[in-house]
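Notes to accompany the following structure.
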Amino acid sequence: PPKGKGPQGKRITLKVAKNSVRVAFNGRRCLDLSKMGIATFPKCILELVDVEELDLSRNMLKKIPNIIEKFQNLMWLDLHSNQLDELPAAIGTLRNLTYLNVCNNKLKGLPEELTLLRNLRTLNLGLNCLETIPTTLGTLRELTELGLFDNALTIIPKSVKKLPKLEKLNVKRNPLPEFAKEEKPIDTVKRIESLYLVEKKDLCGSCLQTCQGERDELHKLEDMTPGLSNKPSFLSLVTPNSSARDNQEEWRMK
């Protein structure tokens with residue numbers, strides 16, 4: 001096979017890794033190893049554990065080892081679009097993480113230690129194989145965005161739905177009961193399909209009494225509605241040829 005390529009995917013050297021460190025607009029140092037054909041976590045990057053952001057997205061990683069715990073400065077970790085079927089327990093040691101993206105992997109479960117990431121604001125678990133999520137995810141009280149879309153979830157724990165700062169919760173395309181049958185919205189306004197007009201003389205006594213009663217109720221409602229009965233009236237504005245036209249310029253001046 002060509003140099004640098006092999007069954008383990010592309011091998012990342014320390015020199016390549018050092019050249020992949022970027023300084024973001026916010027001043028954080030980001031080690032960007034995305035889209036590099038990596039299939040095994042490169043041990044050489046342990047020389048760069050002081051970075052605040054690590055991007056390993058769009059590779060062929062099947063496992064993240066527990067040595068990820070060496071990256072104690074990490075605030076931002078992107079692992080999306082790999083082949084991960086689990087996350088290491090050591091993920092829970094990265095207490096400074098505010099952003100974690102593991103979207104588009106093969107996760108079937110989550111480590112309990114994930115709930116130790118109390119500073120997480122964004123957590124993307126979409127496009128995985130999750131059938132359940134732990135209720136303890138509700139302890140991540142700083143979460144503002146949570147992606148759970150495209151999984152196999154049949155229930156979202158109440159503790160997660162009631163997270164105090166949650167602004168965006170995406171649960172689309174899960175076999176949730178509320179999505180099983182899209183019910184038509186209930187129309188609370190009574191709508192009349194047909195309207196028939198009749199003269200008083202054609203109504204029997206009881207029907208006439210009912211109609212008059214409903215009309216009286218309507219008048220009462222109008223009287224109770226503020227603004228309807230005290231509408232200002234401008235008698236001189238009835239027609240374009242009224243005396244109002246002569247006074248328009250004078251009003252504008254005022």
Notebook entry, point to check: Ignoring hydrogens and geometry, is there a side-chain-to-backbone donor-acceptor pair from Asn66 to Ile68 under 3.5 Å?
Noted result: no
ask   = In terms of hydrophobic clusters joined by side-chain contacts under 4.5 Å, are Ile67 and Leu100 together?
value = yes
Does Trp76 belong to the same Ile/Leu/Val/Met/Phe/Trp/Tyr cluster as Leu116, with side-chain heavy atoms less than 4.5 Å apart forming each link? no
For this session: Answer yes or no: are there more than 12 heavy-atom neighbours, outside Arg118 itself, under 6.0 Å from its atom CZ?
Result: yes
- Task: Look at the aromatic rings of Phe71 and Phe41 and report parallel, tilted or perpendicular, splitting at 30° and 60°.
- Result: perpendicular
So the ring-ring contact (aromatic ring centres under 6.0 Å, His included) pairs with at least one residue in residues 132-151 (sequence neighbours excluded) are none
Output for pair (Asp85 CG, Leu107 CG), nearest 0.5 Å, gives 7.5 Å
So CG of Asn96 and CD of Glu52: to nearest 0.5 Å the spacing works out to 9.5 Å
Can you check side chain to side chain contact (heavy atoms under 4.5 Å, CB included) on Leu130 and Lys108, steps first, answer last?
CA-CA 5 Å; Leu130 299 171; Lys108 293 175 182 172; 5.8 Å; no
Under 3.5 Å donor-acceptor pairs involving side-chain atoms of residues 153-164, not counting sequence neighbours:
unit_1 : atom_1 : unit_2 : atom_2 : d
Ser159 : OG     : Thr135 : O      : 2.7

| query | Salt bridge or not for Glu145 and Arg121, using N-O below 4.0 Å? | reply | no
Exercise for review: Would you please test Lys63 and Thr40 for side chain to side chain contact (heavy atoms under 4.5 Å, CB included) and show each step?
Suggested key: CA-CA 7 Å; Lys63 187 178 181 184; Thr40 305; over 6 Å; no
For the backbone of Thr122 and the side chain of Glu142, can you confirm whether one donor and one acceptor N or O come within less than 3.5 Å of each other? no
### Message
I'd like to know if Arg22 and Asp32 make a salt bridge, using a cut-off of under 4.0 Å between side-chain N and carboxylate O.
### Response
no
| request: Test Val102 against Leu125 for side chain to side chain contact (heavy atoms under 4.5 Å, CB included), laying out the working first. | output: CA-CA 6 Å; Val102 284; Leu125 298 166; 3.4 Å; yes
Task: Sidechain-backbone polar pair: Thr98 side chain, Leu120 backbone, donor-acceptor under 3.5 Å - done: no
Taken to the nearest 0.5 Å, the spacing of Cys103 SG from Asn128 CG works out to 7.0 Å
Worksheet entry | Flag if over 12 foreign heavy atoms under 6.0 Å of CZ, Arg29 | yes
Q.
If we ignore hydrogens and angles and just use 3.5 Å, is the side chain of Asn174 paired with the main-chain N or O of Asn151 as donor and acceptor?
A. yes
request  = Show your reasoning for whether side chain to side chain contact (heavy atoms under 4.5 Å, CB included) applies to Asp78 and Leu54.
outcome  = CA-CA 6 Å; Asp78 196 343; Leu54 176 58; over 6 Å; no
In this structure, are over 12 heavy atoms from other groups packed under 6.0 Å from Glu131 atom CD?
no
Between Leu166 and Leu117, is there shared hydrophobic-cluster membership here, with clusters defined by ILVMFWY side-chain heavy atoms closer than 4.5 Å? yes
side-chain contact (heavy atoms from CB on, under 4.5 Å) test vs Leu79 passes for just one of Asn59, Asn101, Leu56, namely Leu56
